[in-house]
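Comments concern the structure below.
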Amino acid sequence: MGARAGSAVAPAGPCALVIFGAGGDLTHRLLVPALYNLHRSGLLPEHFAIVGIDHHTRSDAAWRASLRRALRKASRTRDAEGQPGRFDEKLWHWLAQRMHRIRGDFDDDGLYARLRVRLQHTEQVHKSAGNVLFYLATAPAFFGMVAEKLGTAGLLHAPAAGRSGRRPWRRVCIEKPFGHDLESARALNARLRQVMGEDQIYRIDHFLGKETVQNILAFRFANGLIEPVWNRDRIDHVQITVAETVGVEQRGAFYDRTGCLRDMVPNHLFQLVAMIAMEPPSSFDAEAIRAKKAEALAAVRPARPGQAVRAQYGSGRVLGERVHSYRREPQVARRSSTETYTALRLDIDSWRWAGVPFYLRTGKHLCRRGSEIAIRFKPAPLAPFRSTAVAGFGPDWLVFSIQPGESISLQFDVKRPGPRMELAPVHMEFQYKDWFPVLPNVGYETLIYDCMIGDATLFQRADMIEEGWRIVQPLLDAWARAGARGLASYASGSAGPAQAEALLAAERHQWRPLVPYKPTIARRG
Ligand code: BG6
C-alpha cells in the first residue's frame, strides 16, 4: 500500500520468483492462479521468471501440465456475480514459457548450488536483473532451514549490479503458520534475522489480501465522521466471526496437530482486531501502519481460559450433506482433543478501548460460511418515547462483511410509517459489487504484487506475530494441560456450541445470528 499509494498501478519491476514447494497444493490452487490473474491485469513484470522447486520425481512437463490443469479449474470458478471465468491459453503460454523447475530436497546443499546457477541463467534469458523473491510455500518445519541454507549459499544478498551500482533486491515470503507458540515464533524470528534483515521478510497473512479487510482502513481513516464515534464512549462491544462450512478436508494430519486456535486466531482474526483497534497512522506508509497495528496488539491483555470456549464438531448435516464427526476425518486421531471451534473474549488496555469487549469466534463445519466484523453501538442515553408505543430500541450495528457478499451495512431504528410512533430496524448497505467491477481474484494477487514492489504494509512484522502468540499462549497452555477435559462439542451444520452462547450471555450480550444476511430480516421489525 505504501509504495503504491497515490500512484497509478504499474507492472512490477523485473524479478524472478523462486517457489519452494512448487508441486504443492498452495502453488497449484492459489499462487499460479494469482500470477495468471496478475498477468491478465498487466501487473507482472515483462522481465519475469518462475523457478519452481520440489522433490517430486515427475518430469518438468508433467509439473507444468498439472499446474495448467489447476489453473483451468481455478479460472472456471464463478466470480461474485456468478459469471464463470474463462481460461485464456495465451496468458498461460506466456507464464509457462517463463517457468523452470529444479528437483531436489530442501536440506540438500547441492540444491542451492543448482539454484544459484539457474538464477544466473534466468537473469541472462529473462533479464530479471538479479532481483529475486523466494516464496516458502512449504510445510512450516522447513521455513527456518530453507532460509538458513539460502543465507549460507549467499543467495540472500546479491552483489551490487554493474555500472548503476544498485544492489538487486532479495526478499523472502513466508507462509503461515509462523511458529506454533510464542517460544517457537521467537526462535524462528531469531533464525531468520541471522541471515537477513527484517525489511527482507514478508510474512503472509492472506486475510490482508482481501479487499474488504483493506477497506477497513479506508473506511476508518478517509471518513471524518467515523473517528468521533470510534471509541469506548460510543461502542458497546465488537464481534468478529469467521465461520466456515468446510471441515478439515484433506488436511487432517496438519490440522490435528494445529487446531482451530493456532490456525485462525493469532493470525487472521488478530489482524482484523488490529485493523479495528489501531490508532490513526500519520501516513499510509508501511512502517507507519504496521507500527500502529503492533501497538494495538501490544495493548491486548493475555486471553483468559475462563473466557474462552473450545469445541469439536460431531456428525451432522452441512449445506444439506451428511458429514461425519471430526474424529472420523482422515488422518485425525480417533480420540483427538483438537478443537475445530474457538470463541473468546479479549480486552484492550488503551484509552480508546478500555472496557469494550472484543468477542471472537471461528469454526469449521458451521451452518454457513461468513466472515464479518460487527460493531455494536451503545443505545441512546435517553428514551423520550414514554407516551408512545415504543417499548425499547433495537441495537445499532455497523457490520463489515468480509466474505462472501463483501459489504458494509449500518443497522438503525426508523419510524414505522403510520399514525403511531413505532420503531423498526432497517439496514443501509453498501455492496462492493454494486459499485465496482469485480476482478477475478484468489486473494494472493495483491500480496504477491506487493512483495515484488517492496511494499510491506500488508505483511506481519516480527513483533506483531509475537504479540499474537503472547495473547493466546495462556489458552494454549491451559488446553494442553486439560486434554479432552472441558472440550465442548457441536453438531456439524449448527451455529456452534452452546458454551459460546453462554460466554456472551454471562455479560448480557448475544452473538449475532449465524444466518445468511437477508435485507428482509430488518423488515420484520
Ligand atoms: C487458512 C486456514 O489460513 O485460512 C484454513 O489454514 C482456513 O483452515 C482458511 O480454512 C480460511 O481462509 P479463507 O480465505 O478461505 O476464508
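Each ligand, and each atom within it, is numbered from 1 in the order the structure gives.
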Check your understanding: For ligand 1, which atoms sit closer than 4.0 Å to a heavy atom of Lys176?
Key -> 1 (C), 2 (C), 3 (O), 6 (O)

Review point. What is the nearest protein non-hydrogen atom to atom 9 (C) of ligand 1, stated with its residue, atom name and distance?
Key: Glu244 OE2, 4.0 Å

Check your understanding: Is it true that a side-chain atom of Thr212 and a backbone atom of Ile402 form a donor plus acceptor pair closer than 3.5 Å?
Key -> yes

Review point. Which protein non-hydrogen atom lies closest to atom 12 (O) of ligand 1, naming both residue and atom, and how far is it?
Key: His206 NE2, 3.0 Å

Exercise for review: Find all atoms of ligand 1 within a distance of less than 4.0 Å from any non-hydrogen atom belonging to His268, and give their numbers and elements.
Suggested key: 1 (C), 3 (O), 4 (O)

Practice item. Report yes if Tyr255 has an N/O atom closer than 3.5 Å to an N/O atom of ligand 1; otherwise report no. Key: no

Review point. Taking NZ, NE, NH1 and NH2 as the nitrogens, is one of them in Lys210 or Glu406 under 4.0 Å from a carboxylate oxygen of the other?
Key: no

**Study point:** Distance-only polar pair, side chains of Asn189 and Arg203, donor-acceptor under 3.5 Å
**Key:** yes

Practice item. Under 4.0 Å from a heavy atom of Lys210: give me the atoms of ligand 1 that qualify, with their elements. Key: 13 (P), 14 (O), 16 (O)

Exercise for review: Answer yes or no: is there an ion pair linking Lys176 with Asp263, defined by an N-O contact shorter than 4.0 Å?
Suggested key: yes

**Study point:** Side-chain touch Phe377/Trp397, heavy atoms, less than 4.5 angstrom
**Key:** no

Check your understanding: Under 3.5 Å between some N or O of ligand 1 and some N or O of Arg369?
Key -> no

Review point. Out of Arg262, Arg251, Gln403, Glu249, who gets a non-hydrogen atom closest to atom 5 (C) of ligand 1?
Key: Arg251

Review point. Any chance the side chains of Glu372 and Gln239 put a donor and an acceptor closer than 3.5 Å?
Key: no

Practice item. Provide the number and element of each atom of ligand 1 under 4.0 Å from a heavy atom of Lys364. Key: 5 (C), 7 (C), 8 (O), 10 (O)

Check your understanding: Short list, please: which atoms of ligand 1 are under 4.0 Å from a heavy atom of Asp263?
Key -> 2 (C), 5 (C), 6 (O), 8 (O)

Check your understanding: Would the Phe20 and Tyr135 ring centres measure less than 6.0 Å apart?
Key -> no

